[in-house]
Engineer: 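Starting off with a structure, shown below.
Order of the sequence lines sets the chain letters (A, B, ...), proteins ahead of strands, with each chain counted from 1.
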2 protein chains.
Amino acid sequence: MTLLAQTHEEPLTSEYIAGSVNTHPVFIRRILGMLNKAGLVTSQAGVGGGWRLRKAPETITLLEVYRAVDENHLLSLHHRSPNPRCLIGGNIQSSLEGIFGEAELALEQVLHTRTIADVLNEVLQHAQARAN
Amino acid sequence: MTLLAQTHEEPLTSEYIAGSVNTHPVFIRRILGMLNKAGLVTSQAGVGGGWRLRKAPETITLLEVYRAVDENHLLSLHHRSPNPRCLIGGNIQSSLEGIFGEAELALEQVLHTRTIADVLNEVLQHAQARAN
DNA sequence: TCTATCTGTCACTATTATAGTTACGGAAGG
DNA sequence: CCTTCCGTAACTATAATAGTGACAGATAGA
């Protein structure tokens with residue numbers, strides 16, 4: 001997304017993006033596909049096609065990106081559900097869900113305060129600092 | 001930990017705990033071993049042995065438990081590092097680390113406000129509500 | 001209309017992370 | 001000395017994640 005923000009006039013191909021992220025084009029297309037469904041990017045087939053941001057970088061928060069890409073929770077229980085016949089095991093799931101939800105909400109609130117434009121600015125500043 | 005808080009007078013064996021968590025005793029021993037190194041629990045070998053909390057449940061925050069058990073970050077980049085020859089790829093890592101760190105800190109602050117005793121109380125309340 | 005891209009998606013493989021399982025030495029207590 | 005239980009290693013099984021090849025369809029330009 002930061003890459004797209006930098007060159008938002010011209011679309012970038014999944015192959016080019018994969019080169020920066022150091023991964024496979026299909027992996028990029030899969031993730032950009034999710035971001036597309038979330039309305040954050042747009043794609044165009046054919047010669048000179050590729051991916052572009054659908055909104056200004058200043059209006060895209062990291063929370064939007066996070067929610068578009070990550071479907072399952074950060075904090076969770078063991079993947080096997082606890083013994084329902086145990087007093088604790090049978091009731092801890094809902095208790096922890098509440099606390100975990102609260103904690104993740106706090107994390108998401110931070111992500112809500114930052115935009116793609118912020119990240120791009122930070123990256124450019126960092127690059128300039130390293131050049132000097 | 002909640003299970004240990006409930007019966008903090010007598011030690012619980014890894015086999016008993018595994019029954020509640022619905023997993024294998026060795027898995028429980030591995031995790032309790034980490035909590036032991038963090039000073040949160042204590043173990044005793046032999047007949048009538050097992051695991052106990054080393055501190056009062058009211059003094060054990062979920063943050064302590066979380067830090068003892070989870071070594072790697074919740075939010076992270078792709079496991080393959082980005083292309084250092086790319087302007088964005090070469091500088092985004094440190095930028096995101098800062099933001100991610102801030103976000104995780106917010107999450108951890110929530111975990112810091114809750115103790116094992118809180119969880120036990122909530123679980124018992126929930127159990128009572130379901131009984132009625 | 002033909003051709004060279006480039007997306008969108010499927011199917012499959014490779015790799016890694018996570019948990020399950022067996023095994024066994026050693027500590028503790030009766 | 002015998003039973004119980006921890007501590008840990010080694011190995012297997014399973015699931016999650018990423019890599020790879022393939023191909024239909026969309027698009028733009030010759």
Engineer: Side chain of Thr13(A), heavy atoms from C-beta onward: which of dA9(D), dG19(D), dT7(C) has the nearest atom to it?
Structural biologist: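 Within the option list, the nearest is dT7(C).
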Engineer: I need the CZ-C1' distance between Phe27(A) and dT20(D), as an integer number of Å.
Structural biologist: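 So the two atoms are 13 Å apart, to the nearest Å.
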Engineer: Please check this pair: side chain of Thr113(B) against backbone of Val110(B), looking for a donor-acceptor N/O pair closer than 3.5 Å.
Structural biologist: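 Judged by distance alone, yes, a pair lies under 3.5 Å.
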Engineer: Roughly, in whole Å, what's the span from NE2 in His24(B) to P in dA10(D)?
Structural biologist: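 Taking atom P of dA10(D) as the reference, NE2 of His24(B) is at 18 Å.
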Engineer: Whole-Å distance between dA18(D) C1' and Asp70(A) CG?
Structural biologist: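 So the two atoms are 15 Å apart, to the nearest Å.
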Engineer: Please report, rounded to the nearest Å, how far the C1' atom of dA18(D) is from the CE atom of Met34(A).
Structural biologist: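 Atom CE in Met34(A) sits about 12 Å away from atom C1' in dA18(D).
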Engineer: Taking any heavy-atom pair under 4.0 Å as a contact, classify Gly33(B): base, sugar-phosphate, or nothing.
Structural biologist: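 If one applies the 4.0 Å heavy-atom cut-off, Gly33(B) turns out to touch nothing in the nucleic acid.
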Engineer: On DNA chain D, check which nucleotide each of Ser43(B) and Asn72(A) is closest to and give me the residue with the more 5' one.
Structural biologist: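 Mapping each residue to its closest nucleotide by heavy atoms, the 5'-most match is Ser43(B).
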Engineer: Phosphate oxygens OP1/OP2 of dC6(D): is one of them under 4.0 Å from a side-chain N or O of Ser14(B)?
Structural biologist: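 Checking Ser14(B) against dC6(D): at least one side-chain N or O falls below 4.0 Å of OP1 or OP2.
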Engineer: Provide, to the nearest angstrom, the distance between the CD1 atom belonging to Ile17(A) and the C1' atom belonging to dC6(C).
Structural biologist: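 Nearest whole value for this atom pair: 12 Å.
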Engineer: Answer yes if the side chains of Arg52(B) and Thr42(B) hold a donor-acceptor pair under 3.5 Å, and no otherwise.
Structural biologist: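 No.
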Engineer: Nearest whole Å is fine: how far is dA18(D) P from Ile31(A) CD1?
Structural biologist: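 So the two atoms are 7 Å apart, to the nearest Å.
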Engineer: Would you kindly give the CZ-to-C1' distance between Arg80(A) and dA16(D), to the nearest whole Å?
Structural biologist: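 It is 17 Å, rounded to the nearest whole Å.
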Engineer: How about His112(B) and Thr61(B): do any of their side-chain heavy atoms sit closer than 4.5 Å?
Structural biologist: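 Heavy-atom side-chain distance check passes, below 4.5 Å.
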Engineer: Is there, by distance only and without an angle test, a donor paired with an acceptor across the side chain of Arg30(B) and the base of dG20(C) below 3.5 Å?
Structural biologist: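 For Arg30(B), whose side chain was compared with the base of dG20(C), there is a donor-acceptor pair (under 3.5 Å).
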Engineer: Between Val26(B) and Glu15(A), name the one whose nearest nucleotide on DNA chain C is closer to the 5' end.
Structural biologist: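 Nearer the 5' end of the strand: Glu15(A).
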Engineer: Which one, dT22(C), dA18(D), dG8(C), comes nearest to the side chain of Asn36(A)?
Structural biologist: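 The answer is dG8(C).
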Engineer: When you check the side-chain N and O atoms of His126(B) and Ser94(A), is any donor under 3.5 Å from an acceptor?
Structural biologist: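 Ser94(A) and His126(B) do have a side-chain donor-acceptor pair below 3.5 Å.
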Engineer: Is any side-chain nitrogen or oxygen of Gln44(B) closer than 4.0 Å to OP1 or OP2 of dG29(C)?
Structural biologist: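 The answer is yes; a side-chain N or O of Gln44(B) sits under 4.0 Å from OP1 or OP2.
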Engineer: Quick one: are Val119(B) and Leu96(A) in side-chain contact, heavy atoms under 4.5 Å?
Structural biologist: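 Side-chain contact under 4.5 Å: yes.
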Engineer: Measuring from the side chain of Ala45(A) (C-beta onward, heavy atoms only), which nucleotide among dA28(C), dT27(D), dG7(D) has the closest atom?
Structural biologist: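 Given the options dA28(C), dT27(D), dG7(D), the side chain of Ala45(A) is closest to dT27(D).
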Engineer: What is the distance, rounded to the nearest whole Å, between atom CD1 of Ile28(A) and atom C1' of dT9(C)?
Structural biologist: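 Those two atoms, CD1 and C1', are 16 Å apart.
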Engineer: Which of the following nucleotides, dT3(D), dG21(D), dG8(C), is nearest to the side chain of Arg29(A)?
Structural biologist: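 Given the options dT3(D), dG21(D), dG8(C), the side chain of Arg29(A) is closest to dG8(C).
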